[in-house]
Structures are given as C-alpha cells and as structure tokens.
Visitor: 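Sharing a structure below in structure tokens format, with a few things to ask.
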Amino acid sequence: MNPSPQQVKASQSAVRAAGDRTIEQYQNWMQTNAAAHLMRAARQSGLTARLREKQHTLEELCESLSLQRATTALLLDALVAIGFIEQYGEDFALARAGHLLCQYDDDLGDRRWEGLVDRLSDPETAASADAAEYRARNAATQWIHTAAAMQAAEILDIGGQDACPGPKILDLGCGSAVWSCAMAHRDAEASIVAVDEPAALQAARRTAESIGLGDRFKTIESDPLAVTVGRQQFELVVLAQMLSGYSDDQAASLLEKAAATLKPGGRIAVPDFYIGPGRAGLKESLGRLSIHLATPQGRVRDLRECQAMFQAAGLGGIQFTYLAASEDGLGMMVAAKP
C-alpha cells in the first residue's frame, strides 16, 4: 500500500526537523568550544589579568601587552558578546562573572577535566584525587546555590505556621553555609552550629554576617567525619553536597552521626546530586562525572541506595524532590527521626 500524500508530507517534515536539530546542536557545540577558547586566549595573553586590575582602552591593552590591534579588537568584541568582558565607551572591564571565574576557576576547570582520559584507562589515578580540594572548591563556590537553598528552606517550611519554632540547625560540612543560612533566615529564632575546616568556616561566617545572624551562628572547627557533637541536640541537620563526595562507608558513617544528633521528630535535609529514574541532562551528567574525577571514592548514588542508607541510619518518612531552582540539577532528600 502506497503512503498517502499527507503521510509523505509528514515524513518529510520529520526528516527536516531532525536535520534542523542536528545542525543546531552542532552549532551550539562549536560556539561553546569557541567561547572557551576566547577566555583561554584572554588569560594566556594577559588581557584577563590586566582587566582584573582595572578597566582599560584597546590602545592601553595593546601597548602594555604588546598585542596586535586588529586581532585584539575582534577578541574583545567577542568577549563582550559572551559576557566575559563589558564595554563602557572606549573602556573595557572584566564583567562580574569574569571576576568570579578568575577567582575560582581561572583555567575553566581544565585541570579537573584533563585527568579524564587517564582515568578511563587507569583506575589507579583515582588515588591521586584530593577530596579536601573538592570540598574546598565547593565551599568557595557554594553561593551559586543561593536560589536553590531558598527553595529548600521553603520546602522544609522553616518558619511556617506548622513548623517547629526556633529550630536549632546543625550544618555538618557547612562549606559557605549558604543552605543553613537560607533556612535560618526564614525564622528569626533559628540558630546554627556550623562544622567544617578553617577555610570553609571563614566563608560561612561571611555568609552569616551578610544576613545579620549575629550570635545565632556558631562554629566548630573540625573534619565533619571526626567531629563530636552532642546527641539529640538539634531539630534539623543539613548535609549539603557531602554524601556524594565520600565513599560508601564514609557516607554511611556521616549519616549515622547526623542522625544521632537529631532530637526525636527532628529532620535531616540532604541537598546533593542524585540518580533518578529519568535520563540525566548535561548538567547532571557533568556533576556526576566531576565528583567521580575529583574524589578518590565519592560517587553519586541512586535514590534507592540513598533510601537504604537513610533507613540503616534509623531514619524514616523519607521524601525526595528535585530543586528546580538549582543550576546544577541538585535534588534534596529529607528524612525524620522517629
């Protein structure tokens, strides 16, 4: 039976649509790669460092760095187009996002990703991964999760009509304490005890000061795995982006420690990467792979594994939700102590 004209037309339209998607995807890849090369060229030529100091004109940049004018002008235009640099009249300045990139990822993550090929062929390279460095970077860049932290606080109903008033919050492995501070900000009587290494606690104190927590924010300087905290002291424990950075045994131990600090009826909130039933998008896939490369034994676990870990720690009422406000594709698992 021959296809009808309508069927032929529909088939041709589907082929054209598939071809258009392929071309769009190809162009997106090429443009993303080109943008990365633009920023590398800016760093390697000295443009980034010079603009990080203060704004300059094209002529000043070319003269001080011995750059060719025509090519530099085109490069600056392209960097303005991607938002890495801003232009004010004849002056060029590093954009805010450019300053942040220079502060935390000046090499665009090259050091992290260059180890991928070696890891594919030699699993022993995992031993060279530095979990402490991974946690330090998380602490330094955790502010990017502010919107997701505010959403998490809303989901937990901190300060809500039916919520426990003035909860005592333990932020175990606090990083810059963005998650717990967002929660304490919703209840004027809430207090936080933040546990982490010295560098992370410096960032955490700045976060707490920025929202005026004052003496409602206290710290304990310690490796979260080794800290001793009183039993049944807290209404809420936050473990933000911690479990996936540890081995199975370490993650289970940390979860048990967290559960022991909870009062009966208290809750534990774990914003982190998770493997759900659906196919992962790019940001989720990159997050999982980054943890795999950056930590000796850390890994992103699926929801069933995490549920089993929570149950083994004596927790129940387990619920999970994706955090739509997260730019990295994080989710949050919440459980309660009976």
Side-chain angles (χ1 to χ4, degrees), residues 25-46 48-49 82 84 97-98 100-142 144-145 173 175-176 196-197 199-200 223-225 239-254 271-276 278-303 305-306 309 326-331:
Q25 190 174 44
Y26 166 80
Q27 290 176 326
N28 287 340
W29 287 341
M30 294 298 289
Q31 289 175 1
T32 299
N33 187 46
H37 280 285
L38 293 175
M39 290 185 280
R40 288 190 184 93
R43 177 170 60 90
Q44 293 166 5
S45 66
T48 298
I82 65 172
F84 185 67
L100 294 172
L101 187 67
C102 293
Q103 188 173 357
Y104 301 118
D105 290 295
D106 65 331
D107 70 341
L108 301 180
D110 286 343
R111 288 188 297 274
R112 188 184 327 132
W113 296 110
E114 283 169 355
L116 177 55
V117 173
D118 289 339
R119 190 73 173 265
L120 286 170
S121 57
D122 183 7
E124 294 301 317
T125 58
S128 64
D130 189 340
E133 182 180 345
Y134 166 75
R135 291 195 297 274
R137 183 186 178 280
N138 268 354
T141 59
Q142 204 174 56
I144 67 174
H145 300 299
S176 57
D196 215 323
E197 304 287 359
D223 180 336
L225 285 171
L239 277 174
Q241 297 173 268
M242 290 291 291
L243 297 185
S244 61
Y246 286 117
S247 70
D248 291 345
D249 288 344
Q250 289 173 321
S253 175
L254 190 63
D272 210 329
F273 288 102
Y274 295 91
I275 299 175
R279 183 180 293 277
L282 178 60
K283 58 187 177 183
E284 292 87 0
S285 297
L286 290 177
R288 297 174 191 177
L289 185 55
S290 179
I291 289 170
H292 180 72
L293 294 175
T295 63
Q297 294 179 292
R299 67 186 183 92
V300 178
R301 299 170 180 87
D302 67 40
L303 294 175
E305 287 181 285
C306 292
M309 276 204 322
S326 170
E327 295 293 336
D328 281 354
L330 299 177

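Just so you know, these numbers use all the heavy atoms, side chains as well, and skip hydrogens, waters and symmetry mates.
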Visitor: Determine whether Phe84 and Thr48 satisfy the following criterion, side chain to side chain contact (heavy atoms under 4.5 Å, CB included), listing intermediate values before the conclusion.
Guide: CA-CA 9 Å; Phe84 185 67; Thr48 298; 3.7 Å; yes
Visitor: Give the minimum heavy-atom separation between Asp272 and Leu243, together with the two atoms involved.
Guide: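 Between these two residues, the closest heavy atoms are OD2-N, 3.4 Å.
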Visitor: Give the minimum heavy-atom separation between Arg288 and Gly276, together with the two atoms involved.
Guide: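 Closest heavy-atom pair between Arg288 and Gly276: NH2-N, 4.3 Å.
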Visitor: Mind listing the closest non-hydrogen atom pair of Asp196 and Gly173 along with its distance?
Guide: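 Taking every non-hydrogen atom into account, OD2-C, 3.3 Å.
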Visitor: For residues Tyr134 and Ala294, report the shortest heavy-atom separation together with the two atoms involved.
Guide: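 Closest pair (atom of Tyr134, atom of Ala294, distance): CD1-CB, 3.7 Å.
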Visitor: Please tabulate, for side-chain N and O atoms in residues 32-39, each donor-acceptor pair with protein atoms closer than 3.5 Å (sequence neighbours left out).
Guide:
from	atom 1	to	atom 2	distance (Å)
Thr32	OG1	Asn28	O	2.9

Visitor: With rounding to the nearest 0.5 Å, note down the distance linking OG in Ser285 to CZ in Arg279.
Guide: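 Going from OG on Ser285 over to CZ on Arg279, the span is 9.0 Å.
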Visitor: Between atom CG of Leu293 and atom CZ of Arg119, what is the distance when rounded to the nearest 0.5 Å?
Guide: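 Nearest 0.5 Å value for the CG-CZ distance: 6.0 Å.
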Visitor: Within the distance-only criterion (no hydrogens, no angle test), does the side chain of Ser290 pair as donor or acceptor with the backbone N or O of Leu286 below 3.5 angstrom?
Guide: no
Visitor: Ignoring hydrogens, what is the shortest heavy-atom contact between Gly331 and Tyr274? Give both atom names and the distance.
Guide: O-CE1, 3.5 Å
Visitor: What distance separates Gln142 CD from Gln241 CD, expressed to the nearest 0.5 Å?
Guide: 5.5 Å
Visitor: How long is the gap from CG on Asp107 to CZ on Arg43, to the nearest 0.5 Å?
Guide: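 The CG atom of Asp107 sits 6.0 Å away from the CZ atom of Arg43.
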Visitor: Looking at NE2 of His292 and CG of Leu289, how far apart are the two atoms once the value is rounded to the nearest 0.5 Å?
Guide: 7.0 Å
Visitor: Check the pair Leu100, Ile144 against side chain to side chain contact (heavy atoms under 4.5 Å, CB included), reporting the backbone distance first and the verdict last.
Guide: CA-CA 11 Å; Leu100 294 172; Ile144 67 174; over 6 Å; no
Visitor: May I have the list of side-chain donor-acceptor pairs in residues 245-253 shorter than 3.5 Å, sequence neighbours left out?
Guide:
from	atom 1	to	atom 2	distance (Å)
Ser247	OG	Gln250	N	3.2
Ser247	OG	Gln250	OE1	3.3
Asp248	OD1	Arg299	NE	3.1
Asp248	OD1	Arg299	NH2	3.2
Asp248	OD1	Arg301	NE	3.0
Asp248	OD1	Arg301	NH2	2.9
Asp248	OD2	Arg299	NH2	3.2
Gln250	OE1	Ser247	N	3.2

Visitor: For a quick test of reading the model, state the closest non-hydrogen atom pair linking Ala139 to Ala200 and the distance between them.
Guide: CB-CB, 3.9 Å
Visitor: In terms of heavy-atom contacts, does CD of Glu327 have more than 12 from other residues, nucleotides or ligands at under 6.0 Å?
Guide: no
Visitor: Between Ile275 and Glu305, does the side chain to side chain contact (heavy atoms under 4.5 Å, CB included) criterion hold? Intermediate values first, please.
Guide: CA-CA 10 Å; Ile275 299 175; Glu305 287 181 285; 6.0 Å; no
Visitor: Where the side chain of Asp223 meets the backbone of Leu225, is there a donor-acceptor pair that is under 3.5 Å apart?
Guide: yes
Visitor: With a 4.5 Å cut-off on side-chain heavy atoms, are His145 and Pro271 touching?
Guide: no
Visitor: Who are the salt bridge (Lys or Arg N to Asp or Glu O under 4.0 Å) partners of Asp110, not counting sequence neighbours?
Guide: Arg40
